[in-house]
Amino acid sequence: MAEAASVLDGARYTGFVTVADAGLRGMITLRGDLASDAVAGAVKDAVGLGVPGQRRVHAHGDRAVAWMSPDELLVMVPYADASEVAGKLAQALAGAFATVANVSDARAVFTLSGAAADDALCKLCPVDFAQLGAGEIRRTRAAQVAVALWRSGEGEVTLVCFRSVAEYVFGLLRNAAAPGGELR
Amino acid sequence: MLLLTCPHCGVTAEETEFAPGGEAHLKRFGPGSDDDAFEAYMFNRKNPMGVHFERWRHAYGCGKWFIAARCTVTLEVFGTYPAQTTEPPAGIVETIKAKRPEWEGYK
Ligand SMILES: [Zn+2]
């Protein structure tokens with residue numbers, strides 16, 4: 001069997017911010033009633049985390065759960081575990097009004113690292129980055145495509161987009177982070 | 001530029017993060033209705049100078065529909081609310097009346 005690979009295959013660019021393809025990440029979309037015990041229980045059992053409140057990300061080690069909309073969560077796990085975790089979630093929610101889908105291969109993930117990561121991103125996204133706190137996920141656009149981003153560490157932002165536009169997004173980020181384009 | 005607050009995810013963003021969906025609170029006239037009612041539903045839209053109610057979708061964000069009450073002259077936004085309602089909520093109407101005493105009211 002062919003081995004799975006992220007679309008940019010580990011590409012990296014260093015300008016005034018470092019932009020790196022974060023590689024494969026297991027991602028599961030869960031839609032349903034986020035206030036229900038069924039969803040809370042299924043998520044807790046599958047990844048050991050609670051259901052995040054509005055626009056929050058709960059992360060622990062290599063697992064995370066993000067609030068995507070009032071009826072949607074994004075569950076993140078190591079790529080190799082995604083189908084097993086998705087199966088577990090689907091089984092736990094079999095009787096509930098909910099859907100579970102393994103979307104790992106439909107996404108690309110980037111990390112931007114450096115103190116000026118916000119300066120590169122604010123050229124692309126209509127977001128007031130000064131207002132974006134730790135533990136908050138922001139769904140927005142980068143130039144012409146949808147992205148989701150959050151602060152994943154000290155001076156680091158993780159950005160997720162659709163795999164089909166990953167080349168485009170990498171081009172955008174590279175351009176935004178190019179030397180000479182610093183904002184201060 | 002419009003700054004809108006999505007009532008579903010609480011994000012305030014500029015209008016390029018949203019997609020406009022035209023006039024809000026339309027009543028649908030479908031099969032069985034008379035031609036005039038259907039024509040009005042299909043084609044006739046308000047085009048007010050002043051208070052207006054519009055549908056918007058948080059297209060690049062949470063993906064949900066909501067309604068914005070705003071002024072077409074000044075771009076002031078009086079408020080936003082979820083789309084699952086057939087008329088403006090009382091709180092929004094009150095806000096508009098306080099700011100635009102000459103407003104004739106919804107309808
Ligand atoms: Zn929203």
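Since the model is a prediction, treat every value here as computed from it, not as a measurement. The figures that follow rest on heavy atoms only: side chains count, while hydrogens, waters and symmetry mates do not. The sequence lines fix the lettering, A, B, ..., with proteins before strands; numbering per chain opens at 1.
Of the possible polar contacts, none joining the His60(A) side chain to the Gly48(A) backbone as a donor-acceptor pair under 3.5 Å is found. A donor-acceptor contact shorter than 3.5 Å is absent between the side chain of Thr111(A) and the backbone of Thr158(A). A donor-acceptor pair under 3.5 Å is absent between the side-chain atoms of Arg139(A) and the main chain of Arg55(A), judged by distance alone.
If you measure heavy-atom distances from Gln144(A) to chain B, the contacts under 4.5 Å come from the backbone alone. For Arg141(A), the parts lying under 4.5 angstrom from a heavy atom of chain B are both the backbone and the side chain.
In this structure the side chain of Ile137(A) never reaches within 4.5 angstrom of the side chain of Leu149(A), judged on heavy atoms. Taking the side chain as every heavy atom from C-beta outward, Leu30(A) and Leu89(A) approach each other to under 4.5 Å. A 4.5 Å side-chain heavy-atom check between Arg174(A) and Val19(A) finds every atom pair outside the cut-off. Residues Met68(A) and Leu73(A) have side chains not in contact (no heavy-atom distance under 4.5 Å, counting atoms from C-beta outward). Residues Glu76(B) and Arg70(B) are not in side-chain contact: their nearest non-hydrogen atoms beyond the backbone lie 4.5 Å or more apart.
For the salt bridge (charged side-chain N to carboxylate O under 4.0 Å, His left out) test, residues two or more places apart in sequence or in another chain that qualify with Asp71(A) are Arg31(A), Lys64(B).
Salt bridge annotation for Arg12(A)-Asp21(A): absent, with no cationic side-chain nitrogen under 4.0 angstrom from a carboxylate oxygen. A salt bridge links Asp118(A) and Arg151(A); the closest N-O separation between the charged side-chain nitrogens and carboxylate oxygens is under 4.0 Å.
Contacts between residues 51-61 of chain B and chain A, counted as heavy-atom pairs separated by less than 4.5 Å, involve Tyr60(B), Gly61(B). Interface with chain A: from residues 92-102 of chain B, no residue qualifies, criterion being any non-hydrogen pair under 4.5 Å. Residues of residues 9-39 of chain B lying within less than 4.5 angstrom of chain A, judged on heavy atoms, are Cys9(B), Gly10(B), Val11(B), Thr12(B), Ala13(B), Glu14(B), Thr16(B), Glu17(B) in numerical order.
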Report the C-alpha distance between Asp37(A) and Lys44(A) in whole Å, list the side-chain angles of each, state the deciding distance to 0.1 Å, and finish with yes or no for salt bridge (Lys or Arg N to Asp or Glu O under 4.0 Å).
-> CA-CA 10 Å; Asp37(A) 293 343; Lys44(A) 186 97 203 159; over 6 Å; no
Carefully, step by step, assess Val157(A) and Leu132(A) under the rule side-chain contact (heavy atoms from CB on, under 4.5 Å).
-> CA-CA 11 Å; Val157(A) 175; Leu132(A) 185 76; 5.8 Å; no
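Between the side chains of Asn175(A) and Tyr13(A), no donor-acceptor pair is found at a separation under 3.5 Å.
Between chain B and the options Ala148(A), Ala146(A), Pro126(A), heavy-atom pairs under 4.5 Å are most frequent for Pro126(A).
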